[in-house]
Amino acid sequence: MIKAPILQSLLASRDDLTTHNPECNKEQECLYLLKRCKTIDEFKQVHARFIKLSLFCSSQYSASSVLATCAHSGWENSMNYAASIFRRIDDPCTFDFNTMIRGYVNYMSFEEALCVYNEMIEGGIEPDNFTYPCLLKACTWLKSIREGKQIHGHVFKLGFEDDVFVQNSLINMYGRCGEMALSSEVFEKLEFKTAASWSSMVSARAGMGMWSECLMLFREMCGEANLKAEESGMVTALSACANTGALNLGMSIHGFLLRNISKLNIAVQTSLVDMYVKCGCLDKALHIFKKMECRNNLTYSAMISGLALHGEGEAALRMFSEMIEEGLESDHVVYVSVLNACSHSGLVKEGRRVFQEMLREGKVEPTAEHYGCLVDLLGRAGLLEEALETIESMPIKQNDVVWRSFLSSCRVHQNVELGKIAARELLKLNSHNPGDYLVISNMYAKAQMWEDVARARTEIAIKGLKQTPGFSIVELKGKTHRFVSQDRSHPQCKEIYKMLHQMEWQLKFEGYSPDMTQTLLNVDDEEKRERLKGHSQKVAIAFALLYTPPGSIIKIARNLRMCSDCHTYTKKISIIYERKIVVRDRNRFHLFKDGTCSCKDYW
DNA sequence: TTAGGGTTAG
């Protein structure tokens, strides 16, 4: 219902205008009122005035302005109203079509945006350079690469390929749709690369998890003379540092931010917390976290999962309580972080409680990931029957993640019977993960069931699955040294192996004997011992002991989970050589000190 | 006379 007083008040404020500007005609008056509309009710009254004065039909500019005001207003239901206005324009022009496309895109109605474009082409209305950025954004959101390519064809045909806005939209569209080569192709052709061109390139790669490429581009971008990196670029780069463990670069970005920006926003600060956590500097992350004036659930979940990574389960739970006390609501990611924290620290009772709370509150719909965490928690603690019951009672579809987690627990706790169920279910899901077959064959190997080992291995060969080779990385004076198992490629290979030999002797005096239960091969013990000796983590430790100052912390990053022998070995080394050794494996951090590990042998 | 690209964090 239109309320008359609204128009009255708008008109009242307009009196000033007519008083001071006698030239003002009816159309200008209406356009002035249009600009002042704050609500859809006000707008409807002004729209009625345009119609009453026949301006809507007689002036294309007026009609376009009415349409644009409504389409870009953000009022509830505004696009439906805009569509009805659009249909009443006798002869809509390019501007009107562009308005509708942009309106729908801002409204997240991407299919509608594409339909408007189709209508435009079919009606013989020529698009212009303003048409394409929004349209390409619609393709980006829909991941419609086919339509995107077609539209690129139109851009080329109509000669808009040189427009920097169109070019940047194309870079973004291709990048976000996973067509990296095409996005690079457009990027390389650019005569003038703007901040948006670079950030499209960098963030598309970040979105695909291509962290190294992301950092390479970021470094290149920083080298550009006329380009000032802004906060959003820094956030993406920090995220890449966190995911690659590039602490030095992360620290230099932090330094740059402190020098150039007086007040860091919450996203930047959260990225810093996450970067420091994932690069092993828990104290630094906590320091930044505590100094933050304002935190949200993303900040908390970075910190909670950070504490989980470092095996600080109890602290993670306290942090979770603090978050609730601060009046913030937990979301699905926070629950995953908390459940993970419980799992990493063996806090079974607490984990169960959090999971039940989540179900009871009903604000967060449990996903397979949450069930995966619970299964992991129970499985690690040896509660295999309960873990299996949890999987079987899942109200949502069981996925490979839950069965993989269960299988892993069965292997650790040597329960071949239940492990077989997990293996069967995983194979039913047609897993192409070579790791699954290895865990299966490992489990059978432990139970000396060699026929089953052979079957699992044959399956790997038949399916042509490639095992991810394990590696360990040590950073020394800004240079990374990467070692694989039995690595002989390093220039200092001779010294490293001499050191390894010496370490073996020292370890023997400390009562170490190799744990061969996790070696997969059906070979004799001597061969197994030799293989174990050359695991990448040990080679990396030997290298670090040789070339880092005595007493300094040794930091190692590895791509796979640590085997139990490397774990025992590293604990002993930390006591013999009086070194703290931090190892970041696929799941978490291990801090080895005085013969113990922060994971309390629970990982 | 009307407008457009990269929105970043767990």
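Throughout, protein chains are lettered first and strands after them, A, B, ... in sequence-line order, and every chain is numbered starting at 1.
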So what does [X] touch, heavy atoms closer than 4.0 Å: a base, only the sugar-phosphate, or nothing?
X        : answer
A/Ser199 : base
A/Ile266 : base
A/Lys193 : nothing
A/Val164 : base

Open item on the list: Is there a ring-ring contact (aromatic ring centres under 6.0 Å, His included) between A/Tyr276 and A/His287? Walk through the geometry before answering.
Closed with: CA-CA 10 Å; A/Tyr276 279 117; A/His287 179 73; 9.9 Å; no
For [N], take OP1 and OP2 only and decide whether either is under 4.0 Å from a side-chain N or O of [X].
X        : N     : value
A/Thr194 : B/dG6 : no
A/Arg176 : B/dT7 : yes
A/Ser203 : B/dT7 : yes
A/Lys137 : B/dG6 : yes

Measure the distance from [atom1] on [X] to [atom2] on [N] and round it to the nearest whole Å.
X        : N      : atom1 : atom2 : result
A/Asn296 : B/dG10 : CG    : P     : 12 Å
A/Tyr174 : B/dG6  : OH    : P     : 16 Å
A/Asp128 : B/dT2  : CG    : P     : 12 Å
A/Tyr61  : B/dA3  : OH    : C1'   : 11 Å
A/Phe218 : B/dG6  : CZ    : P     : 20 Å
A/Ile171 : B/dG6  : CD1   : C1'   : 10 Å
A/Asn265 : B/dA9  : CG    : C1'   : 9 Å
A/Leu135 : B/dA3  : CG    : C1'   : 15 Å

TODO: Look at the side chain of A/Ser200 and the base of B/dG6, then say whether one donor and one acceptor between them are separated by less than 3.5 Å.
DONE: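 No.
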Open item on the list: Can you say whether a donor on the side chain of A/Ser271 sits under 3.5 Å from an acceptor on the base of B/dA9, or the other way round?
Closed with: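 Donor-acceptor pair under 3.5 Å: no.
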Task: Residues touching DNA chain B, which here means a heavy atom under 4.0 Å, drawn from residues 89-124 of chain A - done: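 Heavy-atom contacts with DNA chain B come from A/Phe95, A/Asn98, A/Arg102.
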TODO: For DNA chain B, determine which residues of residues 314-340 of chain A have any heavy atom closer than 4.0 angstrom to one of its atoms, and list them numerically.
DONE: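 Nucleic-acid contacts, sorted: A/Asp331, A/Val333, A/Val334.
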Minimum-distance nucleotide to [X] side chain [options: [options]]:
X        : options              : value
A/Ala302 : B/dG6, B/dG10, B/dA9 : B/dG10
A/Phe165 : B/dG6, B/dG4, B/dG10 : B/dG4
A/Ala196 : B/dG4, B/dA3, B/dG6  : B/dG6

TODO: Could you pull out the closest heavy-atom pair between A/Cys241 and A/Leu215, with the gap in Å?
DONE: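 So the two residues come closest at SG-CD2, 4.0 Å.
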Do any side-chain atoms of residues 140-150 of chain A form donor-acceptor pairs under 3.5 angstrom with protein atoms, and if so which ones, sequence neighbours left out?
| unit_1 | atom_1 | unit_2 | atom_2 | d |
| --- | --- | --- | --- | --- |
| A/Thr140 | OG1 | A/Leu136 | O | 2.7 |
| A/Lys143 | NZ | A/Arg176 | O | 3.0 |

Task: Contacts of type salt bridge (Lys or Arg N to Asp or Glu O under 4.0 Å), residue A/Glu293, not counting sequence neighbours - done: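 Result, salt bridge (Lys or Arg N to Asp or Glu O under 4.0 Å) vs A/Glu293: A/Lys263.
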Task: salt bridge (Lys or Arg N to Asp or Glu O under 4.0 Å) against A/Glu329, all qualifying residues, sequence neighbours excluded - done: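 A/Glu329 satisfies salt bridge (Lys or Arg N to Asp or Glu O under 4.0 Å) with A/Lys363 once adjacent residues are dropped.
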Mutual orientation of the aromatic rings belonging to [X] and [Y] [parallel < 30°, tilted 30-60°, perpendicular > 60°]:
X        : Y        : answer
A/Tyr81  : A/His47  : perpendicular
A/Phe589 : A/His310 : parallel
A/Tyr117 : A/His154 : tilted

Open item on the list: Run the side-chain contact (heavy atoms from CB on, under 4.5 Å) test against A/Thr94 and tell me which residues pass, sequence neighbours left out.
Closed with: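 Listed in chain order: A/Asn98, A/Met120, A/Ile125, A/Asp128, A/Thr131.
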Task: Ionic contact status for A/Arg49 with A/Glu29, cut-off 4.0 Å - done: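 Salt bridge present between A/Glu29 and A/Arg49.
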Open item on the list: For A/Met79 and A/Ser109: C-alpha separation, side-chain torsions, deciding distance, then whether side-chain contact (heavy atoms from CB on, under 4.5 Å) applies.
Closed with: CA-CA 9 Å; A/Met79 276 318 285; A/Ser109 299; 6.0 Å; no
